[in-house]
Amino acid sequence: PAKMQASPAPTAAPTSSPAPSQSIKPTKRTAKDYIFGKLIGDGMFSTVFLAKDIHSGKEYAIKVCEKRHIIRKKKMEYIKREKDALNMLFKVPHGFVKLYCTFQDVDRLYFVLSYAKNGELLSYINKVGSFELNVAKFYAAELLSALEKMHAKGIIHRDLKPENILLDENMHLQIADFGTAKIMDPKEIKSAPVVQEEDPTRNERSRKISFVGTPQYVSPELLHNCVDTRTSDLWALGCIIYQMISGLPPFRAATEFLTFQKILKMDYEFPEGFPADAKDLVEKLLVLDHTKRIGANDKGDTYESIRSHPFFAGIDWENIWEQTPPTIS
Ligand code: ADE
């Protein structure tokens, strides 16, 4: 029964009675253990609700998936990927939404996630127009730091975008939405990029991965040949840095097809006044050949070549998650 991770589920175990000699197995949770509130997210295959644990009063974000829909669209693999990736990241203290437990009923699957109170990074970019340089630098540093942790575990996100980057109650960033993640052998992920096998779960016709909305952050290699490389997340990092500073993503067009064409031709421009250090870093991330992107050949668990880029001058990499984030205004 306890198919959930061996991590602290929002537990129904008694807290005041004396501890019994043998450990109590927490009972599997059901939807009745929560009071469901407002809708906070909507994807292709799921709906996210704010929910309150009736035992602890704690708030969670519960992702609900209709089984019929998942089966009809053959997306069982996405559900498994998301659960596997989030379980692997559970003990990473910062940078990721946490999966506390999962359960199901006849019709639906439920993921009980930490509730990122301040919502999507995208809303903040859109609200203020564009970030001041110190703000963009701080969030780019938190994002890079989270990517380092994720890649060290062999996880490639493959759908990073400001909608999937959430902000917790202290305005620290949390990456969400691992439905399109690829889990690789951590030894394999930082070896020299070689020609890789195509993902057998994707075929020629369904190689679109799961584009919800416009795929403005997808890397050329994912469009071209489905090569799985952690550097696809670095391409997305480049797009997100560009967007935090300029207000809009670099590759924009009226249709998905035209956006793809722009990405493959690297058809983008920097607006007037875009800071030189930021421009230089973005240009080193948005490189067609994924093996030539900055960071592509870094060894070890950190992206030293990216960390030491002048754009990040002054960032205290060791304490980034303990700092008070600069105010977005
Ligand atoms: N939207 C989707 N997932 C969410 C989460 N974990 N917290 C807040 N909003 C969300």
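We count ligands from 1, going down the list as the structure has it; atoms in each ligand are counted the same way.
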Among all protein heavy atoms in this structure, tell me which lies nearest to atom 6 (N) of ligand 1, with the distance rounded to 0.1 Å. Ser114 O, 2.8 Å
Distance under 4.0 Å to a non-hydrogen atom of [X]: what atoms of ligand 1 satisfy this?
X      : value
Tyr115 : 7 (N), 8 (C)
Ile40  : 1 (N), 8 (C), 9 (N), 10 (C)
Leu166 : 3 (N), 4 (C), 5 (C), 6 (N), 7 (N), 10 (C)

Taking NZ, NE, NH1 and NH2 as the nitrogens, is one of them in Glu221 or Arg293 under 4.0 Å from a carboxylate oxygen of the other? yes
For Lys63, is there an ion pair with Glu82 - N to carboxylate O distance below 4.0 angstrom? yes
Counting heavy atoms only, which part of Ala116 comes closer than 4.0 Å to ligand 1: side chain, backbone, both or neither? both
With backbone taken as N, CA, C and O and side chain as the heavy atoms from C-beta onward, which portion of Ala176 lies under 4.0 Å from ligand 1: side chain, backbone, both, or neither? neither
Let me confirm one number: the OH-NZ distance from Tyr268 to Lys262, rounded to the nearest 0.5 Å. 13.0 Å
Centroid separation Tyr217 to Phe251 less than 6.0 Å: no
Establish, yes or no, whether a centroid distance under 6.0 Å links the rings of Tyr34 and Phe49. no
